[in-house]
Amino acid sequence: MASAPPIPADPRPHLVDCCIDGSACTACGHVAARRHDRCERCLGSTTPKSFGPSGTVWSSTTVHLRIGDIAPPFVLAYVDIDCGPRVLARIVDAIEVPAGGVVRIVGNDHGDLLVEAVAS
Ligand SMILES: [Zn+2]
């Protein structure tokens, strides 16, 4: 099995076709939003795995401060990606999505994962 690529300094998830390029542990099933050679939880072997693009908001908040080039207000959310890890994402157009709301990965901006609300 090929080893995972080196972990870049930027800890945010890397996207391939709007899905997270992550890994899953072959021993305990732990999933990660990054490629790892070893499981973060049990140090078992991992296999590359793609997660997304859909997920469910676990929690969200509106930010009213400028962060770098990102003008306020914007909405950050922790999203439980379907069958995948929980990741931090920014919701496009600062639309508030309550916990339990369904979102979909649409890309990234300034390295941040971007999601949009999915009509239910
Ligand atoms: Zn594990």
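We count ligands from 1, going down the list as the structure has it; atoms in each ligand are counted the same way. Just the heavy atoms: all of them, side chains too, but no hydrogens, waters or symmetry mates, feed the values below.
- Of the possible donor and acceptor atoms, none in the side chain of Asp17 sits under 3.5 Å from a partner among the backbone N and O of Cys19.
- At distances below 3.5 Å, at least one donor-acceptor pair connects side-chain atoms of Thr26 with backbone N or O atoms of Ser45.
- Judged by distance alone, with hydrogens and angles left aside, the side-chain atoms of Thr46 form a donor-acceptor pair with the main-chain N or O of His36 at under 3.5 Å.
- Note on the Zn ion (ligand 1): protein N, O or S atoms under 2.8 Å away count 4, no waters included.
- Considering only residues two or more places apart in sequence or on other chains, Arg41 meets the salt bridge (charged side-chain N to carboxylate O under 4.0 Å, His left out) condition with none of them.
- For Arg90 (side chain) and Asn108 (main-chain N/O), no donor-acceptor pair under 3.5 Å exists by modelled atom type.
- Distance alone, capped at 3.5 Å, is enough to place a donor-acceptor pair between the Ser60 side chain and the Val97 backbone.
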